[in-house]
Amino acid sequence: MAVERKVYVLYTGGTFGMKKDDDGKLAPQKLDVIKDFIIRHTILYERKPGESDIDVWNRIVTPDGLITLYHQLAEDDPKAKSQKYKVLYRMDSLPTPIDSSNVTPKDWSEMAERIKERMDVYDGFVIIHGTDTMAYTSSALSFILGKIDKPVIVTGAQMPIFHPRTDGLDNFVGSMLMAGYFCDREMLHQVMLYDLNKLYQGNRVVKFDCDSFSVFDSPDVFPIASLETTIKLYEHKMVEPIFPPSLKSKAFTRTETPQVRVLRFFPGITENYVRGILVGADGVILETYGSGNVPDVAWLKECLTEADKRGVLMLNCTQVYRGTVLPIYATFEAHVIPGYDITPEAAMTKMVWVLNSDFNPETKRKILKHSLYGESCAPPYCSPNVEPGEREQTPE
């Protein structure tokens with residue numbers, strides 16, 4: 001008897017499910033249209049001699065709407081092939097699919113809730129999302145969902161699945177393969193992003209190209225997996241953080257999005273410009289030069305110190321594509337927290353998550369100083385009474 005695995009697919013919008021309207025503009029399609037197209041694509045590979053389209057449809061779609069994933073994919077996983085795995089998936093959608101440029105923290109919360117509510121029912125999760133803010137969403141979900149024991153994969157497309165040259169079907173198939181057949185691999189029990197045959201850690205990616213099919217990259221860590229003619233999983237040598245129980249149940253608690261702003265430094269930056277960003281902010285992401293350097297001027301230190309006294313949380317990230325911010329420059333004196341090699345997307349979403357939580361101010365600062373879910377090479381977060389670098393004693 002086949003071993004069944006179930007995957008929940010959430011369509012949130014994006015180019016993946018768009019089609020040109022009468023005016024030649026891309027418009028999002030309803031879930032039923034997308035689902036129908038994917039099922040008909042599956043029929044091409046699942047049809048047995050003498051079967052009609054209706055025969056195959058009735059065989060691969062269950063009465064309660066679950067769809068059978070391409071059987072041939074089992075050949076890519078020796079374990080699945082030997083145990084005769086069968087992957088079924090259900091496609092769902094947000095009430096109104098949205099362009100990813102319109103995504104807000106409230107949408108991240110809704111996506112996370114959809115997954116949490118179904119965590120005990122499904123073995124893996126795939127979120128179809130627009131590429132423009134996909135790295136923000138995959139980063140945000142890593143913090144909101146926290147430590148999980150199922151794969152959650154965010155993917156999308158540069159060209160709609162209805163176009164002959166689409167990259168969407170490849171991304172969908174690859175994501176489903178990893179979320180379904182490979183769902184038992186512990187190294188995949190996290191939020192990830194899939195793009196062009198590569199599976200990345202979700203809070204370590206950036207979008208670096210908007211014209212090609214190779215859209216995302218992970219500047220400072222290696223991909224989790226590569227899906228070429230053979231599938232390779234790359235075991236990461238990462239120290240797993242020790243999570244105090246109090247962090248596991250935290251979620252967004254504020255009804256309004258906190259005021260998180262970005263202060264990007266440039267030659268000739270003025271005091272008025274800096275003050276305009278800092279005033280009224282709850283948290284600020286500083287995008288600084290090189291390894292965290294900023295202009296050595298008295299007014300800047302004064303601005304940052306005043307913001308710190310007002311309780312503004314400040315996280316220092318580098319402007320460059322690859323590199324690490326260390327606590328060695330003047331910003332550290334103003335209690336600006338070094339972000340190490342965290343991406344701007346992960347920095348922004350981590351700041352929003354921290355400010356939205358009900359942690360006390362001291363804990364919020366400590367969380368920003370450390371790595372919770374592998375988002376940077378900063379020291380891993382430990383329990384409140386354990387200093388970074390020390391190992392918490394686990395009761396026997």
Side-chain angles (χ1 to χ4, degrees), residues 5 7-10 12 14 16 69-70 72-80 85 87 89 100 111 115 122-131 133-143 145 147-158 166-209 212-238 240 341 343 345-346 349 373-376:
R5 293 288 183 265
V7 177
Y8 177 76
V9 180
L10 178 62
T12 66
F16 181 96
L69 189 63
Y70 310 81
Q72 292 180 40
L73 294 180
E75 298 174 4
D76 290 316
D77 181 5
K79 180 181 177 182
Y85 273 30
V87 175
Y89 63 96
S100 73
M111 295 176 205
I115 293 171
Y122 293 90
D123 301 288
F125 299 85
V126 170
I127 297 176
I128 299 173
H129 193 287
T131 61
T133 61
M134 190 187 295
Y136 287 93
T137 294
S138 60
S139 294
L141 290 176
S142 74
F143 300 115
L145 293 175
K147 192 173 176 63
I148 55 178
D149 58 3
K150 306 283 178 69
V152 175
I153 302 175
V154 188
T155 194
Q158 287 289 85
T166 182
D167 57 325
L169 287 174
D170 283 344
N171 286 340
F172 177 75
V173 170
S175 299
M176 294 296 294
L177 171 63
M178 303 309 292
Y181 287 112
F182 286 81
C183 64
D184 294 332
R185 306 299 203 278
E186 189 174 351
M187 64 180 293
L188 302 185
H189 294 171
Q190 58 178 302
V191 178
M192 297 163 286
L193 185 149
Y194 185 91
D195 174 61
L196 194 65
N197 305 322
K198 294 290 190 299
L199 186 64
Y200 299 99
Q201 188 173 322
N203 54 25
R204 285 286 205 156
V205 288
V206 296
K207 181 174 181 178
F208 76 103
D209 195 334
S212 75
F213 287 140
S214 179
V215 183
F216 294 93
D217 190 24
S218 184
D220 293 291
V221 295
F222 210 61
I224 294 173
S226 174
L227 284 70
E228 307 294 343
T229 54
T230 58
I231 295 177
K232 298 177 181 178
L233 300 179
Y234 303 106
E235 295 284 352
H236 286 220
K237 295 181 180 179
M238 297 172 59
E240 184 175 352
D341 59 351
T343 66
E345 292 87 345
T349 54
Y373 305 113
E375 68 273 11
S376 75

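Nothing here was measured: the structure is a model prediction, and the numbers come from that model. Residue numbers run from 1 in the order of the sequence given.
A salt bridge (charged side-chain N to carboxylate O under 4.0 Å, His left out) check over residues 212-225, counting only residues at least two apart or in different chains, returns nothing. Screening residues 221-230 for salt bridge (charged side-chain N to carboxylate O under 4.0 Å, His left out), with sequence neighbours left out, gives K198-E228.
With sequence neighbours excluded, the residues that form a ring-ring contact (aromatic ring centres under 6.0 Å, His included) with Y122 are Y8. Checked against side-chain hydrogen bond (donor to acceptor under 3.5 Å, both in side chains), D341 has the following partners two or more places apart in sequence or in another chain: R204. Every residue meeting the side chain to side chain contact (heavy atoms under 4.5 Å, CB included) condition with S175, not counting sequence neighbours, appears here in chain and number order: V126, I153, T155, Y194. In this view, Q158 and T131, D167, K207, F213, V215 satisfy the side chain to side chain contact (heavy atoms under 4.5 Å, CB included) rule, not counting sequence neighbours. With sequence neighbours left out, F125 forms a ring-ring contact (aromatic ring centres under 6.0 Å, His included) with no residue at all. By the ring-ring contact (aromatic ring centres under 6.0 Å, His included) test, F216 is found to be paired with no residue, residues two or more places apart in sequence or in another chain being considered. Taking the side chain to side chain contact (heavy atoms under 4.5 Å, CB included) definition, one finds that S212 meets it with D209, S214, sequence neighbours left out.
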Distance-only check: which donor-acceptor pairs under 3.5 Å involve side-chain atoms of residues 135-142, not counting sequence neighbours?
{"residue": "T137", "atom": "OG1", "partner": "W108", "partner atom": "NE1", "Å": "3.1"}
{"residue": "T137", "atom": "OG1", "partner": "H129", "partner atom": "NE2", "Å": "2.8"}
{"residue": "S138", "atom": "OG", "partner": "M134", "partner atom": "O", "Å": "3.3"}
{"residue": "S138", "atom": "OG", "partner": "A135", "partner atom": "O", "Å": "3.2"}
{"residue": "S138", "atom": "OG", "partner": "G202", "partner atom": "O", "Å": "2.7"}
{"residue": "S139", "atom": "OG", "partner": "A135", "partner atom": "O", "Å": "2.9"}
{"residue": "S139", "atom": "OG", "partner": "G202", "partner atom": "O", "Å": "3.4"}
{"residue": "S142", "atom": "OG", "partner": "S139", "partner atom": "O", "Å": "2.6"}
{"residue": "S142", "atom": "OG", "partner": "N203", "partner atom": "ND2", "Å": "3.2"}

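Annotation for Y70 and Y181: closest pair O-OH, 3.6 Å, computed over non-hydrogen atoms. The heavy-atom pair separating A225 from L233 by the smallest distance is CB-CD2, 3.5 Å.
Listed for the S218 side chain is no donor-acceptor partner under 3.5 Å among the backbone atoms of V205. Panel note: side chain T133, backbone S100; a donor-acceptor pair is recorded below 3.5 Å. In this structure, the side chain of H189 engages the main chain of C183 through a donor-acceptor pair within 3.5 Å.
To the nearest 0.5 Å, atoms CD1 (I127) and CD1 (I115) are separated by 3.5 Å.
Classified by interplanar angle (parallel below 30°, tilted 30° to 60°, perpendicular above 60°), the ring pair F172/F16 is tilted.
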